[in-house]
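The structure under discussion appears below in the form of structure tokens.
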Amino acid sequence: MSSTSTILVVLIAALLHYHIGITKAQLDIGVNYGMDGDDLPSPATVVQLFKNYSIGKMRLLEPNNDVLEALENGNIDVTIGIKNEDLPSIASSPQAAGVWFNEHVEPFIPLMNFQYITAGNEVVPGDLAKHVLPAMQNIQNVINSYNYTGLRVTTAVEIAALEGFDPPSKGAFAQNARADMVQIINFLSNTSSPLLVNVYPYFKFASDPDHVRLDYAQFTATSPIVQDGNLSYYNMLDAIVDAFYWAMEKEGVSSVDAVVSESGWPSAGDGLWATPQLAQTYNQNFLKKFIARQATPKRPDHYLEGFIYGMFNENKKPAGVDQNWGLFNSDGTPVYPVFTKV
Ligand SMILES: *[C@@H]1O[C@H](CO)[C@@H](O)[C@H](O)[C@H]1NC(C)=O
Ligand SMILES: *[C@@H]1O[C@H](CO)[C@@H](O)[C@H](O)[C@H]1NC(C)=O
Ligand SMILES: *[C@@H]1O[C@H](CO)[C@@H](O)[C@H](O)[C@H]1NC(C)=O
Ligand SMILES: *[C@@H]1O[C@H](CO)[C@@H](O)[C@H](O)[C@H]1NC(C)=O
């Protein structure tokens, strides 16, 4: 080999190496970074942990500028939440919405990709529900004033917003949620934003294990468990997401996608069903489903995104299962293996 071609080969190898180094594939899966613990690692360590396990998306339930600074130029998509107790002021004051946005989002926009801003978490139905739409509108107006496109405003709801999901075609908004949900989904339709839904088959299963099948809750059924018209359901998560689609369609909205903003399985805290083995099975199957981009029977061609709850066990949450949703211990070791280190 001539010395010129040797140099060329070395150069190409170096370029390839560099290329691989900077474009290391991130998994198209999110994890909620809940911070209700007094022993959690520093934000910089947490961000490194996301990178070490190729977790491509992070959801923050409330703004935290230390975390946002650690995320700068980090190639991790970020969802950031307005705290529930901040909804009334942001809903009633365009100026407060501007202050919130300028403090927690605007300075970071050149340095990272924000996916969603959530106006509250699980506040519909409830006393704060009436503030969700005006808060979303005020934040959207700030975004519009900056001409930022691609940043979506939404809110995260749970199954309490529904009455009936079994079978999914029975899905409809609960009476005490309906008026707010109709306004919210019309806003989401107008702005091409998705509805975030927190979906926990664990609670449905653990509260009634005699009647709810474990394989249906854990994505391990090998034949359909629920037949709904011509749609077959092998797992409860799909059924709950589709119940939200049915509920929206009954209000005349069929263009809004769902995003699974929280799901998981606790590894301890109730003795019987909260075990590391069951948590591992659930979260491994969740990961498999979402990185394979398997959507739901009702909207099989839609892109469904998913976020696991959560990154860490959180020792300041109420005792019991609440403290034990984490994939990782506070020292960064896995509670049980789900993600593979790169
Ligand atoms: C990330 O991986 C590197 C290389 O293996 C290791 O040195 C570092 O401690 C890891 N960081 C975390 C937070 O896991
Ligand atoms: C946003 O776009 C409009 C119309 O193109 C323009 O007049 C305005 O100056 C832009 N605003 C900002 C903050 O860039
Ligand atoms: C959605 O857009 C329609 C048509 O522009 C408008 O009449 C309606 O008020 C909007 N609704 C919300 C909640 O933004
Ligand atoms: C399934 O049922 C729905 C509603 O009855 C119908 O609109 C649709 O065409 C059916 N799809 C197939 C593949 O049969």
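From a predicted model like this one, the values you see are computed outputs, not experimental measurements. Counting convention: from 1, in listed order, for ligands and their atoms alike.
- At least one N or O atom of Asn52, backbone or side chain, sits closer than 3.5 Å to an N or O atom of ligand 1.
- Counted by atom type alone, Glu122 and Asn198 present one or more donor-acceptor pairs between their side chains at under 3.5 Å.
- Heavy-atom proximity to Asn230, at under 4.0 Å, picks out these atoms of ligand 4: 1 (C), 2 (O), 3 (C), 8 (C), 10 (C), 11 (N), 12 (C), 14 (O).
- In this structure, Asp127 places its CG atom where only 12 or fewer heavy-atom neighbours from other residues, nucleotides or ligands lie under 6.0 Å away.
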I'd like a table of donor-acceptor pairs (distance under 3.5 Å, sequence neighbours excluded) in which one partner is a side-chain atom from residues 334-342, with atom names and distances.
unit_1: Tyr336; atom_1: OH; unit_2: Asn283; atom_2: ND2; d: 2.8

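- Looking at heavy atoms from C-beta onward, Val47 lies out of side-chain contact with Tyr33 at the 4.5 angstrom threshold.
- A side-chain donor-acceptor contact under 3.5 Å links Tyr233 and Asp242.
- The side chain to side chain contact (heavy atoms under 4.5 Å, CB included) test with Leu195 singles out one residue from Val256, Asp257, Val241, and that residue is Val256.
- Between Asp28 and Arg293 there is a salt bridge, since a side-chain N of the basic residue sits under 4.0 Å from a carboxylate O of the acidic one.
- Residues passing the ring pair (Phe, Tyr, Trp, His ring centres under 6.0 Å) test with Phe219 are Tyr282, sequence neighbours excluded.
- Per-residue contacts place Gln48 under 4.0 angstrom from the following atoms of ligand 1 (heavy atoms of the residue considered): 11 (N).
- Within ligand 1, counting atoms from 1 as listed, the ones closer than 4.0 Å to a heavy atom of Lys341 are 2 (O), 5 (O).
- The ligand atoms of ligand 1 that sit less than 4.0 angstrom from a heavy atom of Thr45 are 13 (C).
- Within 4.0 Å of ligand 2, contacts by protein heavy atoms are made from Ser145, Asn147.
- If you look at Lys51 next to ligand 1, there are no close heavy atoms at all, none under 4.0 Å.
- Evaluation of the side-chain hydrogen bond (donor to acceptor under 3.5 Å, both in side chains) test over residues 136-147, restricted to residues two or more places apart or in two chains, returns Asn102-Tyr146, Gln140-Asn144.
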